[in-house]
Amino acid sequence: SMAHPWGSGATAFLSQSALGVRPTAPGYATFDVVPALFGAAPSPLAFARGRVPTPRGAVEVDLQLDGGAFAVRVPKGTVARVGVPKLGRGLRSLRWEEDGEDGPDGALRAAWFNGSEAAARFALDGACHHEDERFVYVCALPAGRHTLRFAHHPAGAAAAAARDDA
């Protein structure tokens with residue numbers, strides 16, 4: 001039962017560490033989906049999938065490292081920031097698709113390749129992106145279902161690129 005402390009403690013830990021869902025404003029008006037357990041290399045997990053209930057509806061997360069897909073459902077009346085794990089290798093590419101479709105109707109919201117924007121589409125509708133050592137963040141995701149498709153650099157490629165730049 002979730003009424004027992006051992007059940008609720010583990011659920012909160014997994015929701016915040018594996019799924020990475022944390023409120024950043026009261027009532028989950030804004031929230032982060034930054035799966036801390038995936039931020040290190042090598043990742044201890046290959047995937048994470050779950051739902052986190054909020055006062056505004058469930059946040060649904062499905063992260064597949066091997067498949068290079070990070071799907072998030074953002075409830076109505078909320079805005080999310082999502083962190084895609086770099087796994088110590090950096091991202092070779094990142095594509096943001098709305099409603100899981102990539103078509104001429106504008107469903108492809110953004111494209112980012114080799115550490116630079118291929119097109120200035122992250123600024124669309126106030127969205128942005130930034131990165132740190134562990135994650136590339138896509139912020140201001142509005143309500144709806146979003147899929148971030150990504151590919152990492154091969155192991156050792158990020159270190160080699162850093163040496164070449166020096």
At their closest point, which heavy atom of [X] faces which heavy atom of [Y], and how far apart are they?
X	Y	value
G83	P35	O-CD, 3.5 Å
L19	G50	CD2-N, 3.7 Å
A36	R134	O-NH2, 2.9 Å
A18	A48	O-CB, 3.9 Å
R149	A69	NH1-CB, 3.8 Å
P75	A58	CG-O, 3.5 Å

Exercise. With a 3.5 Å cut-off and no angle check, do the side chains of D66 and Q64 form a donor-acceptor pair?
Worked result: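 Their side chains do not contain a donor-acceptor pair, so the 3.5 Å distance test is not met.
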
Partners meeting side-chain hydrogen bond (donor to acceptor under 3.5 Å, both in side chains) with [X] (sequence neighbours left out):
X	answer
T24	T30
D132	Y137
R22	none

Between [X] and [Y], is any pair of side-chain heavy atoms under 4.5 Å apart?
X	Y	answer
V79	V74	no
E131	K86	yes
L65	F47	no
V61	V21	yes

For this session: Measure up the Y28 and F31 rings against each other and bin them: parallel (under 30°), tilted (30 to 60°), perpendicular (over 60°).
Result: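 Ring orientation, 0 to 90° scale: tilted.
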
Exercise. Which of these passes side chain to side chain contact (heavy atoms under 4.5 Å, CB included) with L148: V72, L63, V33, L94?
Worked result: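 Of all the options given, the one that passes is L94.
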
For this session: Show your reasoning for whether side chain to side chain contact (heavy atoms under 4.5 Å, CB included) applies to F135 and V84.
Result: CA-CA 5 Å; F135 296 94; V84 179; 5.9 Å; no

Problem set entry | Hphob cluster co-occupancy, V52 + L45, side-chain heavy atoms under 4.5 angstrom |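 The answer is yes; both residues are in one hydrophobic cluster.
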
Problem set entry | Under 3.5 Å donor-acceptor, H152 side chain and P85 backbone |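 Yes, the answer is positive, given that a donor and an acceptor are paired below the 3.5 Å cut-off.
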
Exercise. Any sub-3.5 Å donor-acceptor pair from R145's side-chain atoms to E60's backbone N or O?
Worked result: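 No, R145 side chain to E60 backbone: no donor-acceptor pair under 3.5 Å.
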
Problem set entry | More than 12 heavy atoms from other groups under 6.0 Å of CZ on R51 |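 Counting neighbours around CZ of R51, 12 or fewer heavy atoms of other residues, nucleotides or ligands fall under 6.0 Å, so no.
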
